[in-house]
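Comments concern the structure below.
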Amino acid sequence: MSVPGVPAAPAAPGPLRLRLAESVALACDGTVAASEVLASTGSLAALGVGSLALLRLADALEEEFGVFLDLDDGALHTDGFDGLVSQLLRLGVTEAQ
């Protein structure tokens with residue numbers, strides 16, 4: 001039950017979001033923590049994810065989930081973490097994978 005004037009606690013991230021945040025952290029060699037990725041609202045680049053880390057991330061996600069991430073569309077660079085999650089869901093990745 002919610003209390004008027006008190007914000008609801010944020011929902012716990014699902015397993016896919018957790019896996020993706022950990023994948024971003026691994027691609028960055030730990031310079032960006034998974035918790036920072038989960039809390040981010042801007043682009044991954046603004047978070048500190050460099051171009052080499054984005055390439056590593058794309059390769060890892062393509063291999064893990066069997067999808068193709070088109071680096072030319074810019075979504076990986078500009079849409080942020082939520083955009084990445086949405087893109088993978090559009091490509092057929094499920095929470096259970």
Exercise for review: For the residue pair Leu76 and Leu57, establish whether any side-chain heavy-atom pair is separated by less than 4.5 Å.
Suggested key: yes

Tabulate below the donor-acceptor pairs under 3.5 Å that side-chain atoms of residues 61-69 make, not counting sequence neighbours, or state none.
{"unit_1": "Glu62", "atom_1": "OE2", "unit_2": "Leu69", "atom_2": "N", "d": "2.9"}
{"unit_1": "Glu64", "atom_1": "OE2", "unit_2": "Arg19", "atom_2": "NE", "d": "3.2"}
{"unit_1": "Glu64", "atom_1": "OE2", "unit_2": "Arg19", "atom_2": "NH2", "d": "2.3"}

Anything under 3.5 Å between a donor and an acceptor, one on a side chain of residues 83-91, the other on a protein residue two or more places apart or in another chain? List them.
{"unit_1": "Ser86", "atom_1": "OG", "unit_2": "Asp82", "atom_2": "O", "d": "3.1"}
{"unit_1": "Gln87", "atom_1": "NE2", "unit_2": "Asp73", "atom_2": "OD2", "d": "3.4"}

Which donor-acceptor pairs under 3.5 Å do side chains of residues 37-48 form with protein atoms, sequence neighbours excluded?
{"unit_1": "Ser40", "atom_1": "OG", "unit_2": "Val37", "atom_2": "O", "d": "2.8"}
{"unit_1": "Ser43", "atom_1": "OG", "unit_2": "Ala46", "atom_2": "N", "d": "3.0"}

Point to revise | For Ala33, side chain to side chain contact (heavy atoms under 4.5 Å, CB included) partners two or more places apart | key: Ser35, Glu36

**Study point:** Considering all heavy atoms, the nearest Glu95-Gly14 contact
**Key:** OE1-C, 3.7 Å

Point to revise | Path from Leu20 to Leu18 over hydrophobic side-chain contacts below 4.5 Å | key: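 Linked, Leu20 and Leu18 end up in one cluster.
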
Practice item. Check the pair Leu71, Leu55 against side chain to side chain contact (heavy atoms under 4.5 Å, CB included), reporting the backbone distance first and the verdict last. Key: CA-CA 8 Å; Leu71 298 177; Leu55 290 173; 3.2 Å; yes

Side-chain donor-acceptor contacts of residues 25-32 below 3.5 Å, not counting sequence neighbours, with atom names and distances?
{"unit_1": "Asp29", "atom_1": "OD1", "unit_2": "Arg56", "atom_2": "NH1", "d": "3.2"}
{"unit_1": "Asp29", "atom_1": "OD2", "unit_2": "Arg56", "atom_2": "NH1", "d": "3.0"}
{"unit_1": "Thr31", "atom_1": "OG1", "unit_2": "Cys28", "atom_2": "O", "d": "2.9"}

